[in-house]
Amino acid sequence: MDETEFWEIVDRTREDAEGDPEEHADLLVERLTRLDPDSVLDFARHFEARYIRAYTWDLWGAAAVLLDGASDDVFDWFRCWLIGQGRDVFEGGVHDPDSLAGLLDEFDPEIDGDGEDLGFAADEAYEQLTGVMAPDLGLPPGPEEPLGTPVDFEDDAELARRFPLLWERFGTAG
């Protein structure tokens, strides 16, 4: 599976789910179970590589603004959700997290931002296909700490300074 096919599967299942993150995960599992196990593992590698790439302080800060705070787990789920938003939103958000203010048409912190189930979709599909847990993907481990300059999530002034567009649209003062 190449990168284009990966994003086509993500996009199609998101569109079919009409913005419902839980439905998106269910449709993704359903779609992946139509593939052979090796292709599911390829999908998982693409997903995991992007998940690792999104482990940055700036993106975590953006998640904190969007979600009015983001613990370790919440940021993990946010990165899965971001991948689920498709290539343009993902790439834009990773390159310039503040650009998410313009890339996200709507954002409801009650439903959006939590893609935990998306993160397990390939594992679930692989297990349904083979009856066994997915093997190690063979990817190098991600960094122990996010890349970039740390963000003080409790400092509204710092968040507003580092993410002015997001802060204006989604921050507690916006």
Side-chain angles (χ1 to χ4, degrees), residues 3-4 6-7 9-11 13-15 17-26 28 43-123 136-137 139-174:
E3 184 176 11
T4 300
F6 167 81
W7 285 117
I9 291 170
V10 169
D11 289 341
T13 53
R14 182 188 66 258
E15 290 163 7
E18 298 178 352
D20 181 326
E22 289 180 20
E23 179 71 9
H24 186 185
D26 291 343
L28 184 54
F43 180 93
R45 284 183 195 94
H46 282 288
F47 194 98
E48 184 69 15
R50 279 145 192 82
Y51 177 81
I52 291 169
R53 191 168 146 233
Y55 194 49
T56 69
W57 282 110
D58 280 344
L59 198 55
W60 199 342
V65 172
L66 284 163
L67 299 167
D68 195 23
S71 67
D72 294 359
D73 288 341
V74 169
F75 183 50
D76 290 346
W77 304 331
F78 177 83
R79 290 185 288 153
C80 293
W81 175 84
L82 188 65
I83 295 165
Q85 299 312 293
R87 180 184 234 157
D88 291 343
V89 173
F90 176 80
E91 293 294 342
V94 169
H95 176 70
D96 176 12
D98 199 36
S99 73
L100 290 171
L103 291 169
L104 299 173
D105 293 330
E106 296 177 23
F107 187 87
D108 180 348
E110 297 298 317
I111 359 176
D112 295 319
D114 181 353
E116 179 180 15
D117 292 341
L118 288 175
F120 295 109
D123 291 336
D136 182 82
L137 298 174
L139 295 173
E144 290 194 26
E145 289 290 320
L147 300 177
T149 305
V151 177
D152 181 352
F153 304 125
E154 303 298 319
D155 185 342
D156 287 352
E158 180 183 357
L159 292 172
R161 181 183 55 75
R162 285 180 70 168
F163 312 103
L165 300 173
L166 280 171
W167 188 260
E168 181 179 330
R169 186 167 171 209
F170 301 105
T172 57

*Take the angle between the ring planes of F6 and F43 and call it parallel below 30°, perpendicular above 60°, tilted in between.*
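Tilted.
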*asked:* For F120, is the CZ atom crowded, meaning more than 12 foreign heavy atoms sit under 6.0 Å from it?
replied: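 Check fails, neighbour count at 12 or below.
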*Over 12 foreign heavy atoms within 6.0 Å of CD, E22*: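 Counting neighbours around CD of E22, 12 or fewer heavy atoms of other residues, nucleotides or ligands fall under 6.0 Å, so no.
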Quick one: closest heavy-atom pair of [X] and [Y], and the distance?
X    : Y    : result
A25  : D117 : CB-CB, 3.4 Å
F107 : G113 : CE1-N, 3.9 Å
P143 : Y55  : O-CE2, 3.4 Å
G119 : F47  : CA-CE2, 3.8 Å
H24  : T13  : NE2-OG1, 3.1 Å
R169 : D105 : NH2-O, 2.7 Å

So do [Y] and [X] actually touch side chain to side chain, heavy atoms under 4.5 Å?
X   : Y    : value
V10 : F90  : no
L67 : F75  : no
Q85 : L103 : no

If I take atom [atom1] from residue [X] and atom [atom2] from residue [Y], how far apart are they, to the nearest 0.5 angstrom?
X    : Y    : atom1 : atom2 : result
W81  : L118 : CH2   : CG    : 10.5 Å
R79  : T56  : CZ    : OG1   : 9.0 Å
L166 : L104 : CG    : CG    : 8.0 Å
F153 : W60  : CZ    : CH2   : 5.0 Å
T4   : R87  : OG1   : CZ    : 5.0 Å
E48  : R53  : CD    : CZ    : 14.0 Å

*asked:* With side-chain contact (heavy atoms from CB on, under 4.5 Å) as the criterion, how do D76 and Y51 come out once you've worked through the C-alpha distance, each side chain's angles and the decisive distance to 0.1 Å?
replied: CA-CA 8 Å; D76 290 346; Y51 177 81; 3.1 Å; yes
*Given the rule in the side-chain contact (heavy atoms from CB on, under 4.5 Å) test, do W167 and D98 qualify, once you have shown the distances and angles that lead to the verdict?*
CA-CA 9 Å; W167 188 260; D98 199 36; over 6 Å; no
_Looking at G92, is its backbone amide N or carbonyl O close enough to the side chain of S99 to form a donor-acceptor pair, meaning the two atoms are under 3.5 Å apart?_
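Checked: pair present.
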_Would the distance check show the side chain of W57 and the main-chain N or O of V151 forming a donor-acceptor pair, the cut-off being under 3.5 Å?_
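Absent.
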*Check step by step if side-chain contact (heavy atoms from CB on, under 4.5 Å) holds for L59 and L100.*
CA-CA 10 Å; L59 198 55; L100 290 171; 4.2 Å; yes
*Could you please spell out the steps behind the side-chain contact (heavy atoms from CB on, under 4.5 Å) verdict for R50 and W7?*
CA-CA 11 Å; R50 279 145 192 82; W7 285 117; 3.5 Å; yes
